[in-house]
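Reading through the structure tokens given below for one structure.
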Protein chains: 2
Amino acid sequence: MQDISPPRAQTARERARDQITAEIVAAARIRLAESGPADLSLRAVARDVGMVSSAVYRYFASRDELLTALLVLAYDDLGAATERADAAVADRDDFQARWFASLRGIRRWALANPGDYALLYGSPVPGYAAPQTTVEPAVRVILVILRIVTEGHAAGAIVVPASSDVGSDGGPGDAALAHAVGGAVQFVRSRGLVDGEVPLELVVRTLIAWTTVFGTISFELFGHLVGSVTDTDAYFDLLADRLFRDLGFGGPGSRDHD
Amino acid sequence: MQDISPPRAQTARERARDQITAEIVAAARIRLAESGPADLSLRAVARDVGMVSSAVYRYFASRDELLTALLVLAYDDLGAATERADAAVADRDDFQARWFASLRGIRRWALANPGDYALLYGSPVPGYAAPQTTVEPAVRVILVILRIVTEGHAAGAIVVPASSDVGSDGGPGDAALAHAVGGAVQFVRSRGLVDGEVPLELVVRTLIAWTTVFGTISFELFGHLVGSVTDTDAYFDLLADRLFRDLGFGGPGSRDHD
DNA sequence: GATTTTCGAGAGCAGTGCTCTCGCTAGAAG
DNA sequence: CTTCTAGCGAGAGCACTGCTCTCGAAAATC
């Protein structure tokens with residue numbers, strides 16, 4: 001195969017440019033770790049890499065563009081960390097172990113990189129809208145937990161929890177469900193995660209689990225659990241367990257292994 | 001009754017001071033609504049109220065102190081809105097209606113006041129630590145949902161969900177639970193919300209519900225649900241229903257009413 | 001070797017939080 | 001009613017921010 005673009009012989013200039021770009025991002029990431037995203041100063045970053053602020057603009061058109069680069073990097077880092085956590089479980093059919101490993105991996109990454117986490121899941125920087133390029137890296141972490149659920153379902157380890165029609169109106173529950181989480185269903189289909197029918201209630205439950213995990217981590221990092229949760233490590237495991245069971249895992253018949 | 005302190009005859013100076021203070025806060029709140037907390041400019045607020053920036057420092061020692069005032073105001077506003085939503089349900093034994101009303105009230109407030117919401121539940125402003133005075137107003141909204149759960153439990157409307165020992169170790173589940181959520185248990189007791197024993201699993205479930213509600217609202221406001229959840233109104237109701245049932249409400253025997 | 005592209009430095013603009021000083025004025029004290 | 005003082009608003013100023021523009025030097029290209 002012809003190496004068309006990626007490993008094409010870079011000119012010295014290009015190599016230097018890439019290297020300096022990486023240097024800037026690295027310096028920015030360090031500063032981000034010890035101050036919030038809103039506090040990130042382009043001038044300070046410039047000083048760190050031994051440049052004057054205007055020189056940085058040769059590499060990033062604006063502070064927002066630097067933030068976007070950090071965003072992509074952080075999403076990828078989180079995604080990779082979560083994938084690693086899941087992959088570390090040897091028995092691929094031990095969905096409980098995979099679930100715990102992945103969720104703990106997410107939380108561990110967040111605690112280790114609070115600045116990045118705040119950038120990703122905190123309040124958005126005012127006036128800043130993440131461009132489309134950030135979508136794909138953002139999806140990685142979701143895919144990990146989605147795969148556990150879909151594979152678990154395919155393996156018959158899930159008893160899809162009962163849906164309920166206790167909505168405000170007595171209408172047909174499934175149509176309402178399909179409409180509400182239509183995007184997620186389409187997403188799961190487009191990624192080829194499931195062939196055949198997608199149980200809507202499972203989609204809803206997975207969305208809830210996803211939201212709860214990040215909601216909990218955000219609460220922990222942002223100080224909202226102080227006073228209520230005494231042992232955050234233990235609480236998170238408790239949470240992971242409840243979410244796992246609410247998904248329909250570990251139901252009747254699938255005794256756990258110890 | 002003697003009016004001891006609150007309506008004590010204020011001097012003209014004090015009245016003027018309070019009025020201007022309120023004016024500043026009001027102006028700040030308006031600016032906050034259309035830009036994030038990090039973007040809130042004390043100088044801009046000063047301009048809005050027809051002052052020069054240094055004059056504002058006669059009323060607030062720093063920008064952070066202004067933010068704290070806004071924080072307290074916002075917490076109180078959210079708390080009041082939620083209390084109103086709950087109180088609007090005439091039948092106090094209709095816990096489902098109260099649950100939906102309260103949760104919807106929280107979300108409605110958040111959507112109507114995104115700036116305030118970001119201030120309360122977004123990433124904290126770097127270097128800013130909310131002082132103790134903000135704790136009490138912050139608690140109001142939690143108390144509303146806590147009351148629904150405790151009253152529901154006292155009324156026998158809840159079948160406390162089964163705990164599970166599927167933790168990492170096979171130790172005694174209840175001791176671990178008690179340790180993890182000890183703060184919450186103590187809180188519930190200190191507020192006199194429950195006399196007698198507090199079912200630990202219910203405490204855990206309530207904490208999870210609380211976290212999930214705010215996690216979902218944060219995700220919605222911060223744009224993380226775009227692409228997955230197509231109808232956010234409907235999804236939130238779906239969520240409220242699942243949380244309600246996971247708490248043990250609407251279990252066997254307590255058929256809902258329509 | 002001449003030319004064009006690329007890049008870093010520096011000055012500068014408008015904005016920020018915050019401090020300090022200086023008058024004015026309204027309320028308190030006599 | 002006069003004197004005095006405490007409180008307040010204005011202004012200048014400092015160090016910082018994001019960002020723009022110009023200029024000179026160096027490197028790649030022709």
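Quick note on labels: first sequence line is chain A, next is B, and so on, each numbered from 1. Everything numeric here is computed off the predicted structure, so don't read it as measured data.
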- Pair A/Ser218-A/Tyr117, side-chain donor/acceptor within less than 3.5 Å: yes
Using whole Å, report how far [atom1] of [X] lies from [atom2] of [N].
X       : N     : atom1 : atom2 : answer
A/Met51 : C/dT6 : CE    : C1'   : 12 Å
A/Phe60 : C/dT6 : CZ    : P     : 18 Å
B/Gln19 : D/dC8 : CD    : P     : 13 Å
A/Arg17 : C/dT5 : CZ    : P     : 15 Å

- Is the closest basic N to carboxylate O distance between B/Arg107 and B/Asp237 below 4.0 Å? no
Quiz: residues 78-85 of chain B side-chain donor-acceptor pairs under 3.5 angstrom, not counting sequence neighbours:
from, atom 1, to, atom 2, distance (Å)
B/Thr82, OG1, B/Leu78, O, 2.7
B/Glu83, OE1, B/Arg140, NH2, 2.8
B/Glu83, OE2, B/Arg140, NE, 3.0

- Task: Give me the residues of residues 22-32 of chain B where at least one heavy atom lies under 4.0 Å from an atom of DNA chain C, by number, or none.
- Result: none
- Item | Footprint string (nucleotides 16-26 of chain C, 5' to 3'): B base within contact, S backbone only, - free, heavy atoms under 4.0 Å | BBBBBB----B
- Across all chains, not counting sequence neighbours, the salt bridge (charged side-chain N to carboxylate O under 4.0 Å, His left out) partners of B/Glu23 are none
- With A/Arg242 via salt bridge (charged side-chain N to carboxylate O under 4.0 Å, His left out) - residues at least two apart: B/Glu201
- Would you mind classifying the nucleic acid contact of A/Leu66 as base, sugar-phosphate or nothing, using non-hydrogen atoms under 4.0 angstrom? nothing
- Task: Would you indicate whether the side-chain heavy atoms of A/Phe222 and B/Leu120 approach each other to under 4.5 Å?
- Result: no
- Message: What I'd like to find out is whether the side chain of A/Arg29 reaches to under 4.5 Å of the side chain of A/Asp77, using heavy atoms alone.
- Response: yes
Quiz: residues 44-61 of chain A side-chain donor-acceptor pairs under 3.5 angstrom, not counting sequence neighbours:
from, atom 1, to, atom 2, distance (Å)
A/Asp48, OD1, A/Arg31, NH1, 3.0
A/Asp48, OD2, A/Arg31, NH1, 2.6

- Are any of B/Tyr59's side-chain N or O atoms less than 4.0 Å away from OP1 or OP2 of D/dG7? no
